[in-house]
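Input: a single structure, listed below in structure tokens.
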Amino acid sequence: MDAAPHIVRTRVGIVGGGPAGLMLSHLLATSGIDNVVVEKRSHEAIENTHRAGILEHGSVRMLTESGVSNRVITDGDKHDGIDLRFGGVSHRIDFDALVGESVWLYPQNQVFVDLAAARRRDDGDVRFSVTDTEVLDLTTDTPKIRFTDVQGRRVELHCDFVVGADGSSSMCRRAIPATLRQGHFIEYPFAWFGILTEAPRSAPELIYANSPHGFALISQRNETVQRMYFQADPNEDAAAWSEERIWDELQRRVDGPDGLELKRGPIFEQMILKFRSYVCEPLRHGNLFLAGDAGHTVPPTGAKGLNLALADVRVLFEALDSFYSTGSSTLLDGYSETALKRVWKAQNFSYWMTSMLHTRSEASSFERKRALGELDSVVSSTYGRAYLAEAYTGWSHG
Ligand code: DHB
């Protein structure tokens with residue numbers, strides 16, 4: 001028989017040591033609220049997972065003002081706008097002029113590196129590479145997380161609250177009985193083919209391009225490494241594509257009378273990213289709360305995933321802080337509804353950007369022309385551009 005588990009007592013047990021889990025852990029620690037994070041992946045595996053690279057101003061402020069790190073400011077790039085490109089012509093959306101805000105290009109894995117370093121610096125209890133994690137007694141006053149730590153010891157965490165920040169295939173979400181949660185879900189008939197390349201920047205800001213051949217996104221990382229994506233079939237075999245074929249495909253999606261030419265270089269990573277939109281409702285079951293991808297997933301167009309996760313964390317932290325400082329559970333009771341308001345706005349924005357910019361391979365001429373009409377109605381109106389700018393940089397309310 002297994003030895004009895006080692007029992008550890010904490011206030012908030014957090015499943016998932018990605019950006020959402022670590023950010024919550026950091027904020028709780030700044031308020032003196034004891035917490036433990038368990039994560040099944042290794043620090044190295046998370047650090048080497050490439051995700052989106054755009055942070056809303058609110059996410060940047062959260063990292064800097066809460067004392068995580070200023071590296072997003074010193075090492076990241078402030079972007080005051082993007083280009084929407086269609087019919088081979090670029091139209092700049094000037095965020096700063098339209099809504100007085102900006103975004104920062106700073107890769108998600110660097111956000112993770114900063115958060116993990118801050119938790120180490122502040123003696124946070126973050127356990128990577130754990131196995132066999134399970135959550136139990138969620139509707140009691142002592143919900144628990146059981147896991148096997150990296151030394152092979154069975155541990156049982158006794159908590160006041162458990163937070164599921166364990167990503168889109170969340171074990172915590174699945175621990176909520178199916179009859180007590182509703183899943184809202186759509187799939188898309190396309191995916192992104194993403195690359196990382198060693199090349200100079202092809203453009204100073206991001207270009208979101210609608211073309212007769214499908215969508216392309218020209219993004220950056222730094223002086224020498226660039227990130228680009230193009231719409232592909234979800235079943236495409238990324239490894240089968242030669243570098244030349246990838247570059248030719250990207251290039252024909254940005255071709256236009258201005259002669260925009262992508263700067264080519266060796267490609268050192270190529271992968272398919274599948275799309276889906278998903279929301280779990282509610283984001284709570286007893287004393288379990290879901291945050292980030294565990295509760296909802298957006299397609300990548302517009303880079304809302306991480307920003308939305310951090311927005312959940314802000315609401316959840318304030319609710320937990322209020323509970324521990326006043327004894328009131330009012331904010332905790334409102335967590336799901338409050339967080340889901342922003343989630344649905346971001347779902348709408350991500351869906352809108354996706355449908356406006358991508359082209360189904362079997363699209364009729366009506367469908368293609370209608371999307372161009374929509375793009376034109378956005379870029380030719382100050383209100384249209386401001387709507388996009390406000391959503392892209394991040395709503396300051398709700
Ligand atoms: C990036 C990813 C996105 O999904 C997006 O909308 C913008 C940028 C990126 O990885 O750089």
Side-chain angles (χ1 to χ4, degrees), residues 18-19 47-57 59-60 72 75-85 90 92-93 95 102-113 168 188 190-210 214-232 238 250 253-254 262 267-277 292-293 296-310 346-358 375 378 388-394:
E47 180 175 352
N48 290 315
T49 304
H50 299 288
R51 305 287 285 271
I54 291 290
L55 294 181
E56 297 173 357
H57 54 91
S59 302
V60 170
V72 54
D75 295 18
D77 285 326
K78 182 166 171 277
H79 283 211
D80 293 334
I82 55 167
D83 274 354
L84 280 189
R85 188 172 173 91
S90 282
R92 184 157 190 265
I93 310 291
F95 300 151
S102 305
V103 294
W104 273 257
L105 186 98
Y106 190 65
Q108 179 164 332
N109 54 335
Q110 295 307 313
V111 174
F112 164 76
V113 166
S168 53
Y188 297 82
F190 25 73
W192 278 4
F193 193 123
I195 63 158
L196 279 165
T197 176
E198 220 170 286
R201 287 191 181 88
S202 288
E205 291 177 338
L206 273 65
I207 303 172
Y208 287 81
N210 168 303
F215 170 75
L217 170 59
I218 310 306
S219 182
Q220 300 86 17
R221 282 297 174 261
N222 53 44
E223 297 297 329
T224 53
V225 173
Q226 313 309 324
R227 184 80 158 135
M228 300 182 195
Y229 305 91
F230 60 93
Q231 177 189 338
L250 276 164
R253 295 180 189 208
V254 298
L262 298 177
I267 293 170
F268 60 91
E269 182 140 339
Q270 53 197 75
M271 80 282 271
I272 295 289
L273 284 88
K274 299 220 162 130
F275 276 38
R276 53 190 212 128
S277 293
D293 277 0
H296 42 78
T297 309
V298 289
T301 329
K304 283 282 169 257
L306 170 61
N307 293 296
L308 210 45
L310 294 180
Q347 288 288 0
N348 177 58
F349 176 68
S350 307
Y351 177 94
W352 175 60
M353 288 282 277
T354 299
S355 58
M356 179 166 70
L357 289 162
H358 293 67
L375 281 158
V378 172
L388 195 155
E390 183 186 35
Y392 195 99
T393 57

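In this chain, numbering begins with 1 at the start of the sequence shown. Each ligand, and each atom within it, is numbered from 1 in the order the structure gives. Keep in mind it's a predicted model, so treat the numbers as computed, not measured.
Under the 30°/60° scheme for interplanar angles, the aromatic rings of Tyr188 and Tyr351 are found to be tilted.
Two residues are said to be in side-chain contact when any heavy atoms from C-beta on lie closer than 4.5 Å; Tyr106 and Val60 fail this criterion. At least one side-chain heavy atom of Ser202 sits under 4.5 Å from a side-chain heavy atom of Met228. Between Leu306 and Arg51, every side-chain heavy-atom pair lies at or beyond the 4.5 Å cut-off.
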Can you give me a line-by-line list of nitrogen or oxygen pairs between ligand 1 and the protein shorter than 3.5 Å?
| from | atom 1 | to | atom 2 | distance (Å) |
| --- | --- | --- | --- | --- |
| ligand 1 | 4 (O) | Pro300 | O | 2.6 |
| ligand 1 | 6 (O) | Tyr208 | OH | 2.6 |
| ligand 1 | 6 (O) | Pro300 | O | 3.4 |
| ligand 1 | 6 (O) | Gly302 | N | 3.0 |
| ligand 1 | 6 (O) | Ala303 | N | 3.2 |
| ligand 1 | 10 (O) | Gly53 | N | 3.3 |
| ligand 1 | 10 (O) | Arg221 | NH2 | 2.8 |
| ligand 1 | 10 (O) | Tyr229 | OH | 2.6 |
| ligand 1 | 11 (O) | Ser219 | OG | 2.6 |
| ligand 1 | 11 (O) | Arg221 | NH1 | 2.9 |
| ligand 1 | 11 (O) | Arg221 | NH2 | 3.4 |

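Taking the ring centroids of Phe275 and His358, they lie under the 6.0 Å cut-off.
Partners of Asp83 by salt bridge (Lys or Arg N to Asp or Glu O under 4.0 Å), not counting sequence neighbours: none found.
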